[in-house]
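Please read the structure below before turning to the comments.
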Amino acid sequence: MDMIFCKKNFISTTVSSFLLYFKIKILIDMKKHKHLTLFCFLYFLLIGCQRSVSEKEKLFQVIESFENHTSISDESPLGDYSQERFDQDDLFYQELQDKLASIDKKHLEETDQISFEILSFLINEERVQYQFNRHWNPILSDAGFHISLTFRVRELRNRKAVIDYLKFLEAIPTYIEQQKELILKGIQAGISQPLVIFKGYESSYRQHITPTAEDNYYFSPLKKLPPVLPQSFKDSVIDVGKSIITEKVIPTFQSIDEFFQAQYLPHTRTTIGTSDTPDGLAYYQSRIHYYTTLDLTAQEIHDKGLEEVARIRNEMQSIIEELNFEGDFNEFLNFLRTDPQFYAKTPQELLMFARDVSKRLDEQLPRYFITLPRKPYGVVKVPDAIAPKYTGGRYVGTDANSTEPGYYLVNTYNLTSRPLFVIPSLTAHEAVPGHHLQVALSKEMSDQVPKFRRQLYLSAYGEGWALYCEYLANEMGTYRTPYEQFGKLTYEMWRACRLAVDTGIHAFGWTRDQAVDYMKKNTALSTHEINTEVDRYISWPGQALSYKIGEMKIRELREKAEDELGSDFDIRAFHEVILEQGVVTLPILEQRILDFIERVKKDSQSSSLNV
C-alpha cells in the first residue's frame, strides 16, 4: 500500500527533491562526486515520500477513530443520551482536534486534503454544539427526539430485521427518559423552544397512545412479516411485539404527553429569536458559519436577501403581465392560492402529477450528467402520522447497499395548501437532479473515499445543489406553463425570503407576525405552508440560510466557468466536478471549480498547439 501511495505522490515529492538536488549540486563537484549526488537525490526523494505516507497514515487513524465512535450498542440500540456520554464525547473530539493539528496537510493528495478539511469542520461543529449545550434542546417544530422514531418503522424483510425491530421497541422507554432529562436541563438554562411553534404539536405523540397494540403505528410492520419465516416464529414475534407495545411503547408516549403538558410547555419562552437565549448571538453566528460554511455576518446575509427578493419580484411581475392578469401582485397571489384549477382533488392525483414530472426529469439526465446513480427512487406520500406539521415534500435516502430505494415524499395532507404549479420545482429539488441524484452518488462513491464522507450531508452544499437544480430544470424544459414558471420563481423567492426572515428573527428582533407577513407579500406559498415554514425557521436557526447561499455560489461558479471557457465549457463536465467528490464545503467547491477552469484552459491550449 505504501509503494502504491508513493507512486501517486511521485510528482509532488519529486519537485521538492529537485530543489534539494540543485542546492547540493552547488556544494558538490559533479565530475568528482556524481555517485554521491545521485545518492543524495534518491535519499531526499525517499524521505519526501515517507513523510507523505506518514501524514496520510496519521489522517487515516483519526478518520478511523471518528467513524468508529458511537454510543449505539446491543444494550442501547438507540444510543446513549446521558449527559455523561456528551461530556465524554467532547473530550474525545478535543483529542481528535489535537491529532489533526499535528498533520501537515500539504503533504496529502487532493482527496485526502478534502477529507482533512471536512473532518476538521465536523469535529469543530461537535465541539461547538457541546459548548452551547444544544443536546439539551432536541426539538424542532416538525421534528424532534420522539418524531425521529417514526422513520424506523418500515417493512421487515428478514429474521434479523425482525429481531432488530423488537430490540428497537424495547429501547424506546430508556431513550425517551434520557431525552427528557436533557430537555429539563435546557429549560433550566433558558434554551427551550418558543411556545408559539407548538400549535398542533401534540398530534406527534398523542397519535401513538392507542387503545390496543394492533391499532398502534409501531405495530404495523408486524402485520406484514416476511412469508418465508416459519409460522411459529411469526406467532412468537407478534405476541412479543404486542406485549412490548402495550406495556412499554404506549405508556412511554403517555409519559411524553404528560411531560409536555406539565413540565415543558408551561416553561417555554415567549420570545422567538435565538438572540434572546443565553449567548444567543454567538450561537447564531456559529449557525451561520455551519450552515453556509462561509465567513458571513447576519447583516451581510440579510442585505443579500433583500436584494434577491427585489430581483425575483421583478421577474414575477413580468410573468403576471405576460398572463394579462387584471390586478396587482397581491391579488395575483390570492388568485393562485384560491382558484381550484391549481389544486389536486385527491391525494392520488397529486402523487400522479409528481410522478409524471419525475419521469420527465429522468429523461433529461444523460444530457446534463456524466455519472448517474445506480439506486432508483420512489414517489410516495408523507406518512399520515407526521403529515400535518410536515413540509410540502422531502427526500429520504437509504444506504447504498440497502434493498430499499430512495424516497421522494410528497405531502398530500390539506390539498388546498399544495398547489400543482410548484410540483415541478419541488420534484427537481427533492428527486432528480436534486437530492436523490446527489445523495445517491455520494453514497456510491469509491471505498477510497472515507465512509464518513460518503454518508455526509452539509446543507450549504446539498440544499444549494438542490435549489440550483430547480434553476437547471428550466434548461431541461420542465416548466411548461407560465404558472409553473411562476412556481419556480416563487420557490426561489421563498428561499430568498429565508435570508431576510431567518436573520430578521434571530439577529434583528423580528416578530413571528412580521416574518409571516413578509412571506405572504412576496411568495405564492399557501398560508398553511408559510406558517409551517416560519415555525421551522424559528426552531432551527440558520439552517434556512443554506439553500440560497449555496445556490448562489454554484451559479456564480458556473457563470465564471462559462465566461472564462466560452465554447470549451461542458455542462456535463462542470456537474461532474461538483458531484464527484461528494459533499464538500463551499470554499472547497470553489477551489475545485477554479482548478477545473485552469485544467480545461491548459487542455485547450495543448490541443491548439497540436493542430
Side-chain angles (χ1 to χ4, degrees), residues 304-347 349-354 356-357 360-361 391-393 410-430 467-501 513-534 547-548 551-552 555:
K304 176 57 69 174
L306 298 179
E307 287 177 24
E308 283 292 284
V309 167
R311 176 187 65 79
I312 299 165
R313 178 71 173 260
N314 287 335
E315 292 186 33
M316 296 171 99
Q317 189 62 48
S318 296
I319 292 178
I320 295 173
E321 293 170 4
E322 176 189 341
L323 288 166
N324 295 317
F325 179 79
E326 296 181 0
D328 62 19
F329 187 83
N330 290 330
E331 288 172 325
F332 184 72
L333 295 188
N334 185 62
F335 164 63
L336 294 179
R337 290 186 182 120
T338 58
D339 196 299
Q341 69 173 301
F342 300 121
Y343 298 88
K345 295 178 176 59
T346 66
E349 181 186 350
L350 180 57
L351 284 173
M352 289 293 288
F353 183 56
D356 174 69
V357 175
R360 287 195 275 118
L361 284 163
T391 51
V410 179
N411 200 333
T412 60
Y413 172 81
N414 191 6
L415 288 174
T416 55
S417 68
R418 316 293 175 196
L420 293 171
F421 56 79
V422 301
I423 293 298
S425 295
L426 180 67
T427 305
H429 184 107
E430 303 294 347
L467 182 51
Y468 164 77
C469 288
E470 295 178 30
Y471 161 80
L472 183 64
N474 191 44
E475 296 178 33
M476 293 177 163
T478 306
Y479 308 111
R480 295 184 168 184
T481 70
Y483 296 110
E484 289 181 355
Q485 288 283 356
F486 196 90
K488 175 184 77 72
L489 290 174
T490 201
Y491 260 37
E492 187 182 2
M493 175 69 91
W494 170 25
R495 279 46 168 266
C497 285
R498 286 174 171 179
L499 301 184
V501 171
D513 286 344
Q514 271 182 281
V516 168
D517 288 345
Y518 189 80
M519 297 285 284
K520 281 184 177 179
K521 289 176 183 176
N522 290 294
T523 78
L525 295 174
S526 69
T527 301
H528 175 84
E529 277 192 303
I530 288 172
N531 280 288
T532 299
E533 286 295 317
V534 170
Y547 299 70
K548 193 64 181 162
E551 180 249 7
M552 287 192 296
R555 287 180 64 172

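- In this structure, the separation between NZ on Lys521 and CG on Leu333 is 12.0 Å, given to the nearest 0.5 Å.
- In this structure Tyr471 satisfies the ring pair (Phe, Tyr, Trp, His ring centres under 6.0 Å) test together with Tyr468, sequence neighbours excluded.
- Within the 4.5 Å cutoff, side-chain heavy atoms of Thr523 are placed close to those of Cys497.
- Here Asp513 contributes atom CG and Lys520 contributes atom NZ; the two are 9.0 Å apart, rounded to the nearest 0.5 Å.
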Exercise for review: Test side chain to side chain contact (heavy atoms under 4.5 Å, CB included) on Phe421 and Gln485 and set out the steps.
Suggested key: CA-CA 8 Å; Phe421 56 79; Gln485 288 283 356; over 6 Å; no
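- Around CD of Glu326, the count of heavy atoms belonging to other residues, nucleotides or ligands within 6.0 Å does not exceed 12.
- Asn334 places no side-chain N or O within donor-acceptor distance of the main-chain N or O of Asn330, the cut-off being under 3.5 Å.
- Between Thr427 atom OG1 and Phe353 atom CZ the span is 7.5 Å, to the nearest 0.5 Å.
- Atom-to-atom distance recorded for Leu361:CG and Cys469:SG is 9.5 Å, nearest 0.5 angstrom.
- Heavy atoms only, all atoms of each residue included: Val534 and Ala515 are closest at CG1-CB, 3.9 Å.
- Salt bridge present: Arg360 and Asp356 bring a charged side-chain N and a carboxylate O closer than 4.0 Å.
- Residues Ala524 and Leu336 come closest through the heavy atom pair CB-CD1, 3.9 Å.
- Note that the CZ atom of Arg495 and the CD atom of Glu470 stand 4.0 Å from one another [nearest 0.5 Å].
- Looking only at side-chain heavy atoms (C-beta outward), Tyr491 and Trp494 come within less than 4.5 Å of each other.
- For the atom pair CG of Asn414 and CD of Glu529, the computed distance is 9.5 Å after rounding to the nearest 0.5 Å.
- Although no hydrogens or angles enter the test, the distance criterion places a donor-acceptor pair under 3.5 Å between the side chain of Asn522 and the main chain of Tyr518.
- Glu533 has its side chain within reach of Thr391: a pair of non-hydrogen atoms, C-beta onward, lies under 4.5 Å apart.
- Identified under the salt bridge (Lys or Arg N to Asp or Glu O under 4.0 Å) test for residues 311-321, with sequence neighbours left out: Glu308-Arg311, Arg311-Glu315, Arg311-Glu492.
- Looking at Tyr343, its side chain does come within 3.5 Å of a backbone N or O of Arg337 through a donor-acceptor pair.
- Here the shortest heavy-atom pairing between Asn411 and Leu350 reads O-CD2, 3.6 Å.
- In this structure, the side chains of Thr490 and Met316 come closer than 4.5 Å at one or more pairs of heavy atoms.
- When all heavy atoms of Met519 and Leu525 are compared, the pair lying nearest together is CE-CD1, 4.2 Å.
- The two residues Leu323 and Pro482 come nearest to each other via the heavy atoms CD2-CB, 3.7 Å.
- Counting heavy atoms from C-beta outward, Arg498 and Tyr547 have side chains that approach closer than 4.5 Å.
- Counting only heavy atoms from C-beta outward, the side chains of Leu499 and Met552 approach each other to under 4.5 Å.
- Leu306 and Ala500 get closest at one heavy-atom pair: CD2-CB, 4.1 Å.
- Using a 4.5 Å cut-off on side-chain heavy atoms (C-beta onward), Phe486 and Ser318 make no contact.
- With a 4.5 Å cut-off on side-chain heavy atoms, Ile320 and Phe325 count as touching.
- Counting only distance, with no hydrogens or angles, the side chain of Thr412 and the backbone of Pro347 share no donor-acceptor pair below 3.5 Å.
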